[in-house]
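Numbers for residues simply follow the sequence, beginning at 1.
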Amino acid sequence: MDTMGDDVRKAIPALGFYPQEAISTGTTLIAMEYDGGVVIGTDSRTSAGSFISSRTTNKITPITDHLSVCRSGSAADTQAIADIVKYYIETYSLLENEPVTIYRSSQLFRQFLYQYRDQLSASVIIAGWDSKLGGQLYAVPIGGFTTRQRSTASGSGSTYVLGYLDKAWRPNLTKDECIEIVKTAVGLAVFRDGSSGGVVRIGVINETGTTITLYRPDKPGFPTVTLPEAHLTYASHIKNQ
């Protein structure tokens, strides 16, 4: 495929052509298994360079009643991959007359992300529940390498909370404990990461299906961060003069 260099792609107002920066979901995605299902959490900011193109993007994309995918990278790439895999899963379910397992669904994502790894900028977390293995998380970064995780984070905000997640996770977490951990992790990432922000969405996937709760900054329940009190701006010998 022929491409034009950035120095050639200049605006042509007469034709209505104005080069645009790619829309990116520079983001925070958090997911964690608990005893009976999985909890996922995301922010809602979508940016194009330094411009915030949306403050309310839903980055939890439902694939089935018991499977959702969290998206980061190019918004167009991740939306296209999610739509394609959803079509495949629906087709296989109809042909085989049974639900597609979460592991098999993760391999469909892996297939496309690996096959088109040079063309796509897409990273996903697959979260779901099935009757064979219960709640499951699969992380698929750029390139398509797929691993099952008990606790994982992705996106630009993940680097701020990996240590917190490592400390907080433990075996046999309850659903409420897991929700609190994931919500706090998203809040910490949003506080520090300039590419994350907006509202916090928390999804719970278990045997009964998927439920998503939205937390707004102006309503109770939104995770907050209390900073330590700052030192004096000026040295004490200057301030006392």
Hey, is the main chain of [Y] close enough, under 3.5 Å, to the side chain of [X] for a donor-acceptor pair?
X      : Y      : result
Ser156 : Ser195 : no
Ser44  : Val199 : yes
Arg71  : Ile81  : no
Ser54  : Thr56  : yes
Lys175 : Asn206 : no
Ser72  : Ser123 : yes
Thr174 : Asn172 : no
Ser53  : Thr46  : yes
Ser158 : Gly155 : yes
Asp77  : Ser121 : yes

With sequence neighbours excluded, give me every salt bridge (Lys or Arg N to Asp or Glu O under 4.0 Å) pair touching [range].
range            : result
residues 134-145 : none
residues 83-102  : Glu96-Arg104
residues 144-173 : Glu33-Arg148, Glu33-Arg150, Arg170-Glu177
residues 121-143 : none

To the nearest 0.5 angstrom, please state how far the [atom1] atom of [X] sits from the [atom2] atom of [Y].
X      : Y     : atom1 : atom2 : answer
Cys178 : Ile40 : SG    : CD1   : 11.0 Å
Ile125 : Leu29 : CD1   : CG    : 5.0 Å
Ile60  : Cys70 : CD1   : SG    : 5.0 Å

Set of residues satisfying side chain to side chain donor-acceptor pair (under 3.5 Å) with respect to [X], sequence neighbours excluded:
X      : result
Glu207 : none
Thr147 : Gln149
Arg216 : Asp218
Ser151 : none

Candidate list Thr78, Asp43, Thr42, test side-chain hydrogen bond (donor to acceptor under 3.5 Å, both in side chains), partner Lys59, passing option: Asp43
What pair of heavy atoms forms the shortest contact from Gln107 to Arg110, and how long is it? OE1-NE, 2.8 Å
Contact summary for Leu137 and Ala127, nearest pair of heavy atoms: CD2-CB, 3.5 Å
Is [Y] reachable from [X] through a run of hydrophobic residues whose side-chain heavy atoms are each under 4.5 Å from the next?
X      : Y      : value
Ile212 : Ile126 : no
Ile63  : Val140 : yes
Leu94  : Tyr87  : no
Val69  : Ile84  : yes

Verdict with reasoning, Gln136 to Val38, per side-chain contact (heavy atoms from CB on, under 4.5 Å): CA-CA 7 Å; Gln136 300 154 68; Val38 295; 5.6 Å; no
Could I get the full list of side chain to side chain contact (heavy atoms under 4.5 Å, CB included) partners for Ser93, not counting sequence neighbours? Ile89, Val100
Apart from Val200 itself, its cluster of hydrophobic side chains linked below 4.5 Å comprises Ile30, Met32, Tyr34, Val39, Tyr160, Val161, Tyr164, Leu165, Trp169, Leu173, Ile179, Ile181, Val182, Val186, Leu188, Val190, Phe191, Ile202, Val204, Tyr215, Phe222, Val225, Leu227
Answer yes or no: does atom [atom1] of [X] have more than 12 heavy-atom neighbours from other residues, nucleotides or ligands under 6.0 Å?
X     : atom1 : value
Asn97 : CG    : no
Arg55 : CZ    : no
Asp65 : CG    : no

Who are the ring pair (Phe, Tyr, Trp, His ring centres under 6.0 Å) partners of Phe112, not counting sequence neighbours? Tyr88
Heavy-atom side-chain contact between [X] and [Y] under 4.5 Å:
X      : Y      : result
Leu67  : Ile102 : yes
Lys183 : Pro223 : yes
Ser68  : Ile205 : yes
Leu120 : Leu113 : yes
Arg45  : Ile52  : yes
Leu108 : Tyr92  : yes

With ring-ring contact (aromatic ring centres under 6.0 Å, His included) as the rule and sequence neighbours excluded, what pairs involving residues 113-137 come up? His66-Trp129
